[in-house]
Amino acid sequence: MGLSLYVDAARFRANQHRILATLPEVVPVAKGNGYGLGNRRLADEARSLGVDTLAIGTYAEVDEVADTFPGSLLVLSPWRAFEAPTEPNPRLIHTIGRVSDLEGLLARDPEARFVLERLTSMVRHGFTPRELREAGDFLRSHEGGARFEGIAFHLPMGGASHLSEVQRLMTDAVAAGLPPTTIWVSHLTAAELAQLARAWPDYTIRPRIGTDLWLGDRGAFTVKATVLDSHHVERGALFGYRGRAAPKTGTILVVSGGTAHGIGLEAPTGANTIKARAGAIARGGLDAAGFVRSPYSIGGKQRLFAEPPHMQASMLFVPQGSAVPDIGDEIDVRVRYTATAFDRVVIA
Ligand SMILES: *Cc1c(COP(=O)(O)O)cnc(C)c1O
């Protein structure tokens, strides 16, 4: 069974349909580890949702989704001559953030589909206002069937409203003489999207959404590790790669999940400040015997690593007197979905 992600299919899909109902222009995002579910599975969900476009992270991910999702594929990573495919692919919508890349793309495929990305306060990728005007000039002079599909903004998460920033960025798009088509955005609230649509009625607003769409209802997910082995140890007995002595009598429990799955040394605490983290350590991040808190818990009680996680399994220490699960039982484990490689995903 290994490390398993169990998904309550009804809740998982109800959340997707809730978002689709309020934001019918949604562009689902499938990238990286597929938010824990895998990109192919997400492509299948997007196909069932009936959306026309799926956003993927990189060109390397095209093959993971292309056979499953039949529509357009918006590649979020910017086009680069050294990364993009050399063959034209009419299903791809490329993301362009530099004039030289626009020239490079259209030299390879004069009829390519693309969005122009405007640099935002994220300062990740995209055109400055001046460069965007250059891109607009280049497009007007370009002979051929280049397909400009809109302007893209990648906004920071949370914090104050990003609407005023979007308004400024839109002015740049207009100044660049780009025709009104589609605005592709991330991380705006439904209210902000509605305001944007009112302010720019000539444009279609398309929110790219991953986390809220796939992981929006956390109650739909349960993560379980399997108990693989169990050994009673007396105080002072040696165990582990480092031959460490058990500081007290108890059980060494070997459970599935290790560094290859993304199981880390520190349990996710949700503590973002140094002060909160210090507090978490004070509250038992490290026990008196020097064991480190693990993300595994048994019967609702968080357990300690007996030693750092191995490649595919972890060793926990369960002190004498506490309940010890049987080999083959499953126990709870807290993970970050975007950083975990599950052995299996069960949607039922
Ligand atoms: C990942 C990503 C998104 C989706 O972000 P979520 O927080 O998962 O919804 C949107 N736009 C871009 C450019 C991204 O890289």
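Whatever order the structure lists ligands and atoms in, that order sets their numbers, starting from 1.
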Review point. Run the salt bridge (charged side-chain N to carboxylate O under 4.0 Å, His left out) check on R113 and E149 step by step: do they pass?
Key: CA-CA 6 Å; R113 305 165 67 192; E149 302 256 4; 2.6 Å; yes
Exercise for review: Might you list the protein residues in contact with ligand 1, defined as having a heavy atom under 4.0 Å from one of its atoms, sorted by chain and number?
Suggested key: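 Lining ligand 1 at under 4.0 Å, by heavy atoms, one finds V29, K31, Y35, L76, R124, H154, S186, H187, R208, I209, G210, T211.
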**Study point:** ring pair (Phe, Tyr, Trp, His ring centres under 6.0 Å) against H17, all qualifying residues, sequence neighbours excluded
**Key:**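 Expected list: none.
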Review point. Considering residues at least two apart in sequence or located in another chain, which fulfil the side chain to side chain contact (heavy atoms under 4.5 Å, CB included) criterion with P85?
Key: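 For P85 the side chain to side chain contact (heavy atoms under 4.5 Å, CB included) partners, ignoring immediate neighbours, are Y59, L92.
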Practice item. Output yes when a side-chain donor or acceptor of E131 lies under 3.5 Å from a complementary backbone atom of T128, and no otherwise. Key: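 Flag set: sc E131 to bb T128 pair under 3.5 Å.
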Check your understanding: If only atom types and distance count, is the side chain of H187 paired as donor or acceptor with the main-chain N or O of L155 below 3.5 Å?
Key ->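 Such a contact is found between H187 side chain and L155 backbone.
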Pair up each side-chain donor or acceptor in residues 190-202 with any protein partner under 3.5 Å, not counting sequence neighbours, and list the distances.
from, atom 1, to, atom 2, distance (Å)
E192, OE1, T189, N, 2.8
E192, OE1, T189, OG1, 3.4
E192, OE2, S161, OG, 2.9
E192, OE2, H162, N, 3.4
W200, NE1, Q167, OE1, 2.9

